[in-house]
Amino acid sequence: MSQISLTFPDGNSRNYDKGVTPAEVAESISKSLSKKAISAIVDGKHWDMQWPIAADSSIAINTLADDEAALELIRHDLAHIMARAVQEIWPDVKVTIGPVIDNGWYYDFDRAEPFTPEDLGAIEKKMKEIINKRDPVTTEIWERDRAVKYYEANNEPYKVELIEAIPGDEPLRMYWHGHWQDLCRGPHLQHTGQVPADAFKLMSVAGAYWRGDSDRAMLQRIYGVAFQNKEKLRAYLNMLEEAAKRDHRKLGREMDLFHMQEEAPGQIFWHPNGWRIYTTLQDYMRRQQTKGGYVEVNTPQVVDRKLWEASGHWDKYQEHMFIVEVDEEHAREKAVNALKPMNCPCHVQIFNQGLKSYRNLPLRMAEFGSCNRYEPSGALHGIMRVRGFTQDDAHIFCREDQIEDETRRFIDFLSEIYRDLGFEDFKVKFSDRPETRAGSDDVWDKSENALKAATTAAGCEFELNPGEGAFYGPKLEFVLTDAIGRDWQCGTLQVDFVLPERLDATYIGADGGKHRPVMLHRAVLGSFERFIGILIEEHAGKLPFWLAPRQVVVASIVSEADEYVHEVVDALTTAGVRAEADIRNEKINFKVREHSLGKVPVILAIGHREVEDRTVTVRRLGEKQTSVTSLTEIVSALAKEATPPDLL
RNA sequence: GCUGCUGUAGCUCAGAGGUAGAGCACUCCCUUGGUAAGGGAGAGGUCGAGAGUUCAAUUCUCUCCAGCAGCACCA
């Protein structure tokens, strides 16, 4: 038999028979390694201990101590073990797929009865039994026909469908965890006992469509989390608990920022504190936009369907628009209007007033555009996904050869704003053409290439998000993350050759002829509502001083101090600081506790001493330490701190 | 929209087929207290909405509404 040479991480190499498995390699090194081994990395590829190696390769043996490999295998094997447990308890349940995800795995099942929380406990118990059995994991490659027949005989239609979707030249690999069998790419552990039995937890059940298609069967998805040991699991569960405290819905109530109620689902009642954040942010954005060369406009809320038909939105989004029908005087039919779900068609109307010259381009038209969309009920989420919201929207009308410049300019613009607002890192996704779209493939080629080139030229790294573009053009998404790690699209930049065509926007070129402008749709915050939600969660309610709705509370310790408290508040207010007096008949302990919970960044305490010396005692949120400062000093210090970053 | 769960006082939650309870918050009184809850009294609810079963429903059933988790959607 021919030999191959395997190179180990330390640089040494050894010869083995061709077709040797990592299990045999480990065995040849030491008994203990072969026991501990969970998988191998062969030429950079994650390799099952049972898979034969056919050629000279590099090889590294993984154990449970190797984070990445171990976590993937633990979670992947748990998915199989869970599916086996479920089928052992309920043999009629049909299995589908069960991939590894962040922190754990899920598996989708088809079962008539819903899984209950008690069922999860029973499944977990059964899983532990399976782990304790230390059943061997084995694998084989099967012929397609055999696999299809097998699954047909076992009444597993989903598996049959999966096989049919696998390209014909790819081998079908079967895995057994003990007697239980599943179609799977692998790799897997050597036996079920390698899974830490005390470091996983089944978290929840939820519906999920088969193959992600809402026209197909709704399956039941069980989510689990798993780690290498009990401590890491506990740390993760702890982190979740802490994250729940940062939930903007909870903090919104505690900080008295806003509320929502049944009569206006998906819409926000902003309280004074919340609205102060909103307006502060809006003032900041307005200054930035002016500096960035934008002109601000405002457009109608209720617009005739004819415009939405022309733009193409009526066709695609009618179901998701608030329709307003009006009996107009002298009209035979009702007038059908829609609340604007976005601003672009209206901006084109402004562009179209009067003739535009190439000298007008690029024309950057901004609007704090109040939009309404009838979002599906299940999509609503706090103030992050709502039916009434305001975009910091703008459309840049430009020539094709200006796309690159404008893209670069926008990425700089957005980066500076995100930095000011405390977001140093953010994800960027590039979404290309979706299945249903407007515009020819030529136009799409042009748009995608232009946007991609400009983004790369701007030195901005992105991940691909295939098929997720807007119906009229590709988009760049600037993604921020909430307290528990869910992604939210905030900023965006979209190249659009379609809408100018549909709404007949033109400009006169240097050649004296009519030309089509390109439209760049762009937003930095996305919507004020979503962005404020993210901002609250990012800072756990402790907003930067300049954004804090209540910046300072001046609290009396004795009622003799009341007059001076008001003097301090007035001095701060005059200096542009948002300050309030608290002269209630309460102890200072009580006031400190209450304003700390309300996330007020600075408390100034005033007792006899301060009145006498014309000072204040300063207590910063989260600090036990206090310090005494003169009134004049604290006013100028806090006034400086209250200055928005762009005005410093 | 789909699957599942939830809906009791402003908030957090307990409760039971015979028309409701706690803590905090609120109001009043006492207390003027030096950095995360001083004491006392009082007020507060068509038990999400509608229908049905029942002598009797807030409790059981159905429909609807809203919220939560996930899926789908996100111009």
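Scope of the values below: all heavy atoms of this structure, side chains included, with no hydrogens, waters or symmetry mates. Chain A is the first sequence line, chain B the second, and so forth, proteins listed ahead of strands; every chain is numbered from 1.
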Quiz prompt | Interface residues of residues 469-484 of chain A with RNA chain B (non-hydrogen, below 4.0 angstrom) | solution = A/A470, A/Y472, A/K475
Has the side chain of [X] got a donor or acceptor that lies under 3.5 Å from a partner of the other kind on the base of [N]?
X      : N     : result
A/Y209 : B/G70 : no
A/S559 : B/U32 : yes
A/R385 : B/C74 : yes
A/R211 : B/C71 : no

Quiz item: When we call it a touch if two heavy atoms are under 4.0 Å apart, what does A/R111 touch: a base, just sugar-phosphate, or nothing?
Solution: nothing
Practice problem: Classify the nucleic acid contact of A/Q318 as base, sugar-phosphate or nothing, counting any heavy atom under 4.0 Å across all strands shown. | Solution: nothing
Quiz item: Roughly, in whole Å, what's the span from CG in A/D487 to P in B/G70?
Solution: 12 Å
Quiz item: What's the OH-P distance between A/Y107 and B/C71, to the nearest Å?
Solution: 18 Å
Strictly under 3.5 Å: I want the nitrogen or oxygen pairs between protein and nucleotides 43-45 of chain B, one per line.
none

Quiz item: What pairs with A/W210 under ring-ring contact (aromatic ring centres under 6.0 Å, His included), at least two apart in sequence or on another chain?
Solution: A/Y158
Quiz item: Under 6.0 Å between ring centres, would you say that holds for A/Y472 and A/H521?
Solution: yes
Selection [range] - residue pairs positive for salt bridge (charged side-chain N to carboxylate O under 4.0 Å, His left out), sequence neighbours left out:
range                       : answer
residues 96-120 of chain A  : A/D108-A/R221, A/R111-A/D119
residues 615-628 of chain A : A/R620-A/E641
residues 313-323 of chain A : none
residues 255-273 of chain A : none

Quiz item: Could you run down nucleotides 3-9 of chain B 5' to 3' and tag each one B, S or - for protein heavy-atom contact under 4.0 Å?
Solution: BS--B--
Quiz item: Can you name the nearest heavy-atom pair linking A/S596 to A/L621, along with the distance?
Solution: O-CD1, 3.6 Å
Self-check item: Shortest non-hydrogen separation from A/Q87 to A/V93 and the atoms involved
Solution: NE2-O, 2.8 Å
Quiz item: Which residues satisfy the side-chain contact (heavy atoms from CB on, under 4.5 Å) test with A/R502, sequence neighbours excluded?
Solution: A/A438, A/V498
Self-check item: With sequence neighbours excluded, residues passing side-chain contact (heavy atoms from CB on, under 4.5 Å) with A/T481
Solution: A/D487
Practice problem: Output yes when a side-chain donor or acceptor of A/R530 lies under 3.5 Å from a complementary backbone atom of A/S527, and no otherwise. | Solution: no
Quiz prompt | Donor-acceptor under 3.5 Å (A/Q349 side chain, A/P345 main chain) | solution = yes
Say you pick atom [atom1] in [N] and the same atom in [M]; how far apart are they, in whole Å?
N     : M     : atom1 : result
B/U59 : B/G18 : P     : 11 Å
B/U3  : B/U63 : P     : 12 Å
B/A57 : B/U19 : C1'   : 9 Å
B/C5  : B/C64 : P     : 15 Å

Self-check item: A/T492 and A/Q494 side chains, donor-acceptor separation under 3.5 Å
Solution: yes
Quiz item: If you write RNA chain B from 5' to 3' in dot-bracket form, with Watson-Crick or G-U pairs under 3.5 Å, [ ] for crossing pairs and | for pairs with another strand, what do you get?
Solution: (((((((..((((....[..)))).(((((.......))))).....(((((..]....))))))))))))....
Quiz item: Which comes earlier along RNA chain B counting from the 5' end, the contact point of A/H381 or that of A/S596, where each point is its nearest nucleotide?
Solution: A/S596
Below 3.5 Å is the cut-off: list the nitrogen or oxygen pairs between protein and nucleotides 26-28 of chain B, distance only.
none

Practice problem: Report yes if the side chains of A/V611 and A/E560 come closer than 4.5 Å at any heavy-atom pair, otherwise no. | Solution: no
Quiz item: Would you call A/D432 and A/K475 a salt bridge, taking side-chain N to carboxylate O under 4.0 Å as the test?
Solution: no
